[in-house]
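The figures that follow rest on heavy atoms only: side chains count, while hydrogens, waters and symmetry mates do not.
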Amino acid sequence: MKKLQIISLAAVLLCLLAGGAAFGKASTAELYTHALMTGDADALEKLLAPNFWYIGSNGHIRDKEHFIQEVRDKKFVVEHMALRNVRETSLGETTILTGNGIFDGKFERKTPQGLMRYTLVLANNRGTEQVALFQATPVLPTSECMDGNCKLK
């Protein structure tokens, strides 16, 4: 257990030290990750598209209103979240990011934690890039996972 905590902390520190290396400048994805780790519901109000969907690692789906309310009520607290092995593709003004990383926190509903496959859909909303969808899927830590190709739990 302690080894997993050390690995989680190292992954978060590497992400923070890398700054915008994976995404260029301070990206919408990085701002979203930071807002989750700090519980900044006001930042989430701006970062999330009006039609935002959050699909948690337990499969539970929340819309923007309910997701932000859980953050405000501290029913959803993200202690660590790191993104790595990010792959990006765009079509028009929509961007899809997928990668893996560590997800750890305190949640009202039972939620798998640890190594995850992340998917974020970013959309241009009248000149402002916003998160339209976030999904976390639990994966197994295998050697293939180091390049982003993780096996599902």
Review point. Is the backbone of Ile102 close enough, under 3.5 Å, to the side chain of Tyr118 for a donor and an acceptor to pair up by distance?
Key: yes
Point to revise | Aromatic plane relationship, Tyr54 with Phe76 - under 30° parallel, 30 to 60° tilted, over 60° perpendicular | key: perpendicular
Point to revise | Qualifying residues under salt bridge (charged side-chain N to carboxylate O under 4.0 Å, His left out), relative to Lys106, sequence neighbours excluded | key: Glu79
Point to revise | From Asn125 atom CG to Gln130 atom CD, the distance as rounded to the nearest 0.5 Å | key: 4.5 Å
Point to revise | Worked verdict on Thr28 versus Thr128 for side-chain contact (heavy atoms from CB on, under 4.5 Å) | key: CA-CA 10 Å; Thr28 302; Thr128 301; over 6 Å; no
Exercise for review: Check the pair Ile55, Phe134 against side-chain contact (heavy atoms from CB on, under 4.5 Å), reporting the backbone distance first and the verdict last.
Suggested key: CA-CA 6 Å; Ile55 305 170; Phe134 174 87; over 6 Å; no
Check your understanding: Looking at side-chain heavy atoms only, is the closest gap between Asn51 and Lys64 below 4.5 Å?
Key -> no
Review point. Say you draw a straight line from OG1 of Thr94 to CD of Glu129; how long is it, rounded to the nearest 0.5 Å?
Key: 9.5 Å
Revision key, fill the gap. So CD1 of Ile68 and CG of Asp42: to nearest 0.5 Å the spacing works out to 9.0 Å
Practice item. Under the salt bridge (charged side-chain N to carboxylate O under 4.0 Å, His left out) rule, collect the residues that match up with Glu45, sequence neighbours excluded. Key: Arg72
Point to revise | Connected via hydrophobic side-chain network under 4.5 Å: Val77 and Met37 | key: no
Practice item. Kindly indicate whether the side chain of Asn58, heavy atoms from C-beta on, has any atom under 4.5 Å from the side chain of Lys110. Key: no
Exercise for review: Group every Ile, Leu, Val, Met, Phe, Trp and Tyr by side-chain heavy-atom contacts under 4.5 Å, then state whether Tyr32 and Val78 land in the same group.
Suggested key: yes
Study note, to complete from the structure: Nearest heavy-atom approach of Ser57 to Pro112 is OG-O, 2.7 Å
Practice item. List the steps, then state whether side-chain contact (heavy atoms from CB on, under 4.5 Å) holds for Val131 with Leu122. Key: CA-CA 5 Å; Val131 181; Leu122 307 174; 3.7 Å; yes
Review point. Between atom CG of Leu115 and atom OG1 of Thr137, what is the distance when rounded to the nearest 0.5 Å?
Key: 11.0 Å
Point to revise | Positive for side chain to side chain contact (heavy atoms under 4.5 Å, CB included) with Glu88, one of Thr98, Leu120, Leu97, Ile96 | key: Leu97
**Study point:** Distance (rounded to the nearest 0.5 Å) between Met116 CE and Met81 CE
**Key:** 10.0 Å
Revision key, fill the gap. The reported gap from NZ in Lys46 to CG in Leu31 (rounded to nearest 0.5 angstrom) is 11.5 Å
Check your understanding: Can you list the steps and then say if Gln135 with Leu133 is a side-chain contact (heavy atoms from CB on, under 4.5 Å)?
Key -> CA-CA 7 Å; Gln135 180 173 357; Leu133 177 130; 4.3 Å; yes
